[in-house]
Amino acid sequence: MRHLLLLPVIGLATVLSGCGGSSTQPTSVTAPLTYSIGGSIAGLSGTVVLLNNGGENLSLSSNGAFTFNVALQPNSPYDVTVATQPPNQVCSVKNASGTATASVTNVTVVCSLPASATDVWTWVAGSEYANAPGVYGTKGTPAANDAPGARRQPIAWTDAAGNFWLFGGNSAGNVAMLNDLWEYSPSTGQWVWQGGSDTVSAAASYGTQGVPAAGNNPGAREGAAKWTDAAGNLWLFGGDSLAAQNWEEFNDLWSYSPTTGLWTWVGGSNAAANAGIYGTLGVAAASNLPPARTDAVSWVDSAGVFWLFGGARLNSNGSYLAVLNDLWSYNSSTGLWTWVGGSNTPNAIGVYGAQGAAAAGNVPSARMGSGAWLDASGNFWLFGGLGLSPGGLPQQYNDLWEYSPANGLWTWVGGSNGANAAGVYGTQRAGTAGNAPGARVSAVSWKDQSGNFWLFGGYGYDLGGNAGNLNDLWEYNLDAGVWTWIGGSSAAAAPGTYGLQGVPASSNAPGARQQAVGWLDSSGNFWLFGGFGFDSSGAQDDLNDLWRFVQSP
């Protein structure tokens, strides 16, 4: 039987050549050398069309790497431009032109809202992930990388120069209290650690009452009430802390001078859990003192008088023992407290009366962690908060109240007179009479330059009646008496959408959170910091992200 001999190709050619046949050796063909042109795009929301050398179109609808389809001959020029901008955005090109001596991968396209864009969030600083540690640097010296660590329930002020101040709070999984003092300059974008300790659980150093001193410092705490006086001094009252893993509240009163950098223990007790003295309703007296508490609401009226409403006392394990609805005023000139209204016993039931009608008997129920505003007429407005049911269980509210210091009367303006109401969102950006934020506690509130009230987040009830941390943004038009859902999610537990740091985008939104703080800058923009909530990955814990919200005119 014959066997076939299988030869490799080159061997076969040799055999054929040996047999007198003609042989043709294979030749390799080298493709012309060309270089691709590309790079990356970020911040895009929509579709952008790029051109290279005014010719080839490249349409992009997502962020990431891109490459033009047509490659260039060596040493050919390239010039990447934007042919069509995406809706409501402006894209700019960096490293746009040059000569292709190799494949180009560093063309960078950054898209953002135009400078005039409004009703948008910008992630300004801090981490997009939970539990970021603080970077303290050198005390008193600002630095680009310095930042307060993640925390909930710090205390926030704005000084006479428009700088933001931050004190203390609760960090590291709800077990570590802080008393560090920070200043942030919106103009330079830098934090500076101004005082207090860079470690947790620092004890108070009271010094001599009424005497400022370099060694004075409020102890580590969260949830204190605060005011800023006409001279730009910062004031702090009460709050809560942990001692040997037991929760305790305070009623000490402090002032801080940004000019001298000194704290003064002004009044109140230097011991925890002080019972206070109510005195006679409506009568100022040197012995009067609000009982120790945390999470009260505070504001300053047009005459420079400090006001305090409600708050709570905790059991040693941190559960709610007593919630208050007492109303106090403090005159910093005389140093006297006055019990103005509400009950001198805890857990008082609210009296709503007829909606829209002021009456002597009306009063909000005992609560803590409410939203608060002051209108142009000097009337105080209160929204929601947390109280206790008759059975002692925590419950949230979404009622809206107005208090007139001129006549001392409360008016129930809107929202439910029951507990745990779900949000009525309506259509985003369309205010209607039926809209209302869901019941909640520990939201952030501020007033815009038009006198309207704003509310962000907190812990409460979403559109479906589910309880959790929220990131919805609401505006209350004072003239129309209507709530408008501006942005954020109508569902609880939304993670943060950070985008690019420093780049505003309509898709940006802080994650759902409670116990954050905020400031207004000199241009009327709102700033948000930290709290307990969701980061960019959907993890939930303490945050140190800093955001700016620019509102439409």
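Looking at Ser302, its side chain never comes within 3.5 Å of a backbone N or O of Gly378 through a donor-acceptor pair. Side chain of Ser257 to main chain of Thr260: a donor-acceptor pair is present (N/O by atom type, distance under 3.5 Å, no hydrogens or angles). Between the side chain of Ser442 and the backbone N or O of Gly458 there is no donor-acceptor pair closer than 3.5 Å.
To the nearest 0.5 angstrom, Leu543 atom CG is 12.5 Å from Tyr129 atom OH. Taken to the nearest 0.5 Å, the CD atom of Glu183 stands 4.5 Å off from the CG atom of Asn163. Expressed to the nearest 0.5 Å, how far CD1 of Ile155 lies from CG of Leu234 amounts to 11.5 Å. Rounded to the nearest 0.5 angstrom, Trp299 CH2 and Leu374 CG are separated by 8.0 Å. The line from OG of Ser445 to CH2 of Trp474 is 15.5 Å long, rounded to the nearest 0.5 Å. Atom CH2 of Trp157 and atom CH2 of Trp519 lie 10.5 Å apart (nearest 0.5 Å).
When only modelled atom types and interatomic distance are considered, Ser450 and Asn452 share no side-chain donor-acceptor pair under 3.5 Å. Side-chain contact of Thr141 with Thr138: a donor-acceptor pair under 3.5 Å is absent, judged by distance alone.
Legend: side chain to side chain donor-acceptor pair (under 3.5 Å) pairs involving residues 231-240, not counting sequence neighbours, sorted by first then second residue: Asp229-Asn233, Asp229-Trp235, Asp240-Thr294.
Atom CD1 of Ile349 sits in a sparse spot, with 12 or fewer heavy atoms from other residues, nucleotides or ligands closer than 6.0 Å.
When each of Met177, Arg221, Gln515 is paired with Asn170, the side chain to side chain contact (heavy atoms under 4.5 Å, CB included) condition holds for Met177 and for no other. The only member of Asp545, Asp542, Asp541, Asp180 that meets salt bridge (charged side-chain N to carboxylate O under 4.0 Å, His left out) when paired with Arg151 is Asp180.
Ring-plane geometry between Trp263 and Trp254 is classed as perpendicular, the angle between the planes exceeding 60 degrees on a 0 to 90 degree scale with a lower cut at 30.
Every ring pair (Phe, Tyr, Trp, His ring centres under 6.0 Å) that Trp527 has, sequence neighbours left out, goes to Phe164, Tyr184. With sequence neighbours left out, Tyr278 forms a ring pair (Phe, Tyr, Trp, His ring centres under 6.0 Å) with Trp328, Trp339.
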